[in-house]
Amino acid sequence: QVQLQESGPGLVKPSETLSLTCDVSGYSISSGYYWGWIRQPPGKGLEWIGSIYHSGGTYYNPSLKSRVTISVDTSKNQFSLKVDSVTAADTAVYYCARHWGTRYYDGSGELGHFDYWGRGTLVTVSS
Amino acid sequence: QSALTQPASVSGSPGQSITISCTGTSGDVGGYNYVSWYQQHPGKAPKLMIYEVNNRPSGVSNRFSGSKRGNTASLTISGLQAEDEADYYCSSYTSSNTLRFGGGTKLTVL
């Protein structure tokens with residue numbers, strides 16, 4: 001059974017960098033799939049942050065692209081999220097998920113569904 | 001990028017059927033079959049209910065079905081049960097190589 005678990009600080013100060021890691025078990029990241037991050041501000045809807053292919057290659061939400069970096073470490077079977085210069089608007093539950101998608105020889109591809117999700121971790125931005 | 005358009009709320013009585021719509025554009029919902037639906041109970045992670053417009057993952061009840069016409073996708077739940085009360089979100093791949101979620105719909109089982 002594929003399982004994902006987010007970890008990282010629950011409190012980040014404004015203007016600092018939010019860093020989260022997602023540990024994957026039951027499936028080897030290097031075997032395939034994209035791996036994605038989604039967030040949900042308290043009482044609001046879901047927002048896709050971005051996704052990374054198992055061998056590299058990233059897609060980002062344009063509204064966050066300038067502040068976000070997603071990376072993958074296949075040796076540790078984990079992937080990570082960094083969000084720079086955070087503000088209170090970045091306060092949310094952050095989810096990691098396995099992301100089905102296509103990948104073509106030219107590096108392009110299409111993004112589909114999230115089939116396995118972590119339980120989510122609340123990150124609060126406050127001084 | 002703005003969210004796909006979903007009704008804020010829908011309701012139905014046990015045993016009835018309801019449909020939740022998800023409206024986008026030809027650059028997302030209308031242009032691709034990568035439309036998915038998720039169910040989210042309070043305090044829980046979303047759960048995949050439908051993928052690629054009308055496919056159910058293993059273990060999801062056949063009371064849940066999906067369809068698409070033009071730029072609007074729909075999720076239909078038949079034989080409503082109390083446990084179906086939750087928030088539902090659609091998502092779609094876009095021509096900008098991104099993913100858009102809908103704003104979410106709160107389903108109330110009366």
Side-chain angles (χ1 to χ4, degrees), chain A residues 1-6 22 33-53 57-66 68 70 92-104 106-122, chain B residues 1-9 20 22 24 27-29 31-60 64 66 73 75 86-106:
Chain A
Q1 178 74 337
V2 181
Q3 294 185 317
L4 298 94
Q5 178 67 58
E6 305 89 351
C22 182
Y33 284 89
Y34 289 87
W35 301 87
W37 289 95
I38 305 98
R39 71 181 185 179
Q40 185 171 35
K44 297 188 177 180
L46 301 171
E47 179 180 36
W48 172 70
I49 299 171
S51 298
I52 187 167
Y53 194 56
T58 51
Y59 292 102
Y60 293 121
N61 185 325
S63 66
L64 297 169
K65 185 175 183 177
S66 64
V68 168
I70 296 175
V93 175
Y94 285 76
Y95 295 100
C96 60
R98 191 174 79 169
H99 196 177
W100 186 93
T102 61
R103 190 73 172 177
Y104 304 115
D106 64 356
S108 66
E110 296 142 331
L111 302 174
H113 55 276
F114 299 99
D115 57 358
Y116 290 96
W117 294 66
R119 297 177 68 175
T121 187
L122 174 62
Chain B
Q1 53 182 12
S2 57
L4 300 171
T5 301
Q6 296 182 232
S9 63
I20 300 172
C22 171
D28 40 63
V29 174
Y32 303 93
N33 286 328
Y34 296 119
V35 176
S36 309
W37 289 91
Y38 301 89
Q39 176 192 65
Q40 186 181 34
H41 287 109
K44 301 294 187 181
K47 174 186 176 183
L48 178 67
M49 305 302 285
I50 296 288
Y51 66 96
E52 293 173 16
V53 177
N54 56 12
N55 292 281
R56 272 189 315 275
S58 174
V60 172
F64 291 82
L75 173 71
D87 294 326
Y88 290 84
Y89 294 90
C90 62
S91 73
S92 174
Y93 175 67
T94 83
S95 59
S96 301
N97 298 321
T98 64
L99 195 88
R100 288 175 72 190
F101 279 103
T105 298
K106 181 177 181 59

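Reminder, nothing fancy here: chain letters follow the sequence lines and each chain counts from 1. Values below: every heavy atom of this structure, side chains too, minus hydrogens, waters and symmetry copies.
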Shortest non-hydrogen contact from [X] toward [Y]:
X        : Y        : value
B:Phe101 : A:Ile38  : CE1-CG2, 3.9 Å
B:Asn97  : A:Leu111 : O-CD1, 4.3 Å
A:Tyr95  : B:Gln40  : OH-NE2, 3.2 Å

State the OH-CG distance between A:Tyr34 and B:Leu99, to the nearest 0.5 angstrom.
12.0 Å
How long is the span from the CG atom in B:Asp87 to the CD atom in A:Gln40, to the nearest 0.5 Å?
8.0 Å
Partners meeting ring-ring contact (aromatic ring centres under 6.0 Å, His included) with A:Phe114 (sequence neighbours left out):
A:His99, A:Trp117
Can you list everything that forms a ring-ring contact (aromatic ring centres under 6.0 Å, His included) with B:Phe64? Sequence neighbours excluded, please.
none
Residues forming a salt bridge (Lys or Arg N to Asp or Glu O under 4.0 Å) with A:Arg39, sequence neighbours excluded:
A:Glu47, A:Asp90
Most heavy-atom pairs under 4.5 angstrom with chain B, which of A:Asp115, A:Asn61, A:Leu46?
A:Leu46
Give, as side chain, backbone, both or neither, the part of A:Tyr116 having an atom under 4.5 angstrom from any heavy atom of chain B.
neither
Give me the contact list for residues 45-52 of chain B versus chain A, heavy atoms only, anything under 4.5 Å, ordered by residue number.
B:Ala45, B:Pro46, B:Leu48, B:Tyr51, B:Glu52
Could you check whether any side-chain heavy atom of B:Thr98 comes within less than 4.5 Å of a side-chain heavy atom of A:Pro62, counting everything from C-beta outward?
yes
Go through the side-chain N and O atoms of B:Tyr34 and A:Glu110 and say whether any donor and acceptor fall under 3.5 Å apart.
yes
